[in-house]
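What follows is a set of notes on a single structure, which appears directly below.
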Amino acid sequence: MNIFRLAGDMTHLASVLVLLLKIHTIKSCAGISLKTQELYALVFATRYLDLFTDYISLYNTLMKLIFLVSSFSIVWYIRHHKIVRRSYDKDQDTFRHYFLVLPCFLLALVINEKFTVKEIMWTFSLYLEAVAILPQLVLLQRTRNIDNLTGQYVFLLGAYRSLYILNWIYRYFTEPHYVHWITWISGLVQTLLYADFFYYYFQSWKNNVKLELPA
Amino acid sequence: YQTQPVKDEL
């Protein structure tokens, strides 16, 4: 465990907590894409299949449980909570995210490290996570104005994968045989998808103006 | 032989 990895996990945890905090306190999910949340729940469900079979560390197991519980509870909140669900704008959140699931699954069948169920599901979760933010970014473009918590959520979510990239670079130079092209490339694609959001987020922070994404 | 590296990342 290196500092980049720990910082990445803490940033990822913060993004989930910011989102849960927003939904739980102001009882609203305005500006949040349910589809991205559903994709993330699927990412964790397919990635943490080894939760009960491979024990790595208490930290590892604890974080997996937190991510699983939080992602599914966010989906539950937006879908079923009597107050929160009213603020979900399904007319705007129209990204056909099922079109992301199938290509990721097919790609995982073709490009993977080992052709086993667990490995393919793990690889599928990597590819899916790389594109899971798309419905949220499309929604932000549509609704244009971004409230602070949503902006922070997306920023932290993008930042965590950038920190993971630093972690992979660090591990590549410090651990022999540490080569995971699939993880690295999908992580890079994921971070690049956030690039333009980061640019506008930084601009709004530097000029101290409200975050506006161009149409 | 190289053992399959365990998935220790989240």
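Worth knowing before you read on, the calculation uses all heavy atoms, side chains too, and leaves out hydrogens, waters and symmetry mates.
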Between B:Lys7 and A:Glu119, does any NZ, NE, NH1 or NH2 come within less than 4.0 Å of an OD or OE carboxylate oxygen? yes
Atom [atom1] of residue position [X] - does it have more than 12 heavy atoms of other residues, nucleotides or ligands inside 6.0 Å?
X: A:Tyr199; atom1: OH; value: no
X: A:Trp76; atom1: CH2; value: yes
X: A:Tyr55; atom1: OH; value: yes
X: A:Tyr59; atom1: OH; value: yes
X: A:Phe105; atom1: CZ; value: no

If I measure from the heavy atoms of chain B, does A:Phe44 come under 4.5 Å with its side chain, its backbone, both, or neither? neither
By a 4.5 Å heavy-atom criterion (distance strictly below it), what part of A:Asn60 contacts chain B: side chain, backbone, both, or neither?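 Contact with chain B is through both the backbone and side chain of A:Asn60.
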Please report the C-alpha distance between B:Glu9 and A:Arg171 in whole Å, then the side-chain angles of each, then the deciding distance to 0.1 Å, and finally whether the side-chain contact (heavy atoms from CB on, under 4.5 Å) criterion is met. CA-CA 12 Å; B:Glu9 293 181 346; A:Arg171 291 187 73 175; 2.8 Å; yes
Nearest 0.5 Å, what's the CG-CG distance between B:Asp8 and A:Asp54?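 Here the interatomic distance stands at 11.0 Å.
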Residues of residues 159-170 of chain A within contact distance of chain B, non-hydrogen under 4.5 Å: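 Listed by number: A:Arg161, A:Tyr164, A:Asn167, A:Trp168.
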Closest-packed option against chain B by number of heavy-atom pairs under 4.5 Å, given A:Arg5, A:Lys64, A:Met1: A:Arg5
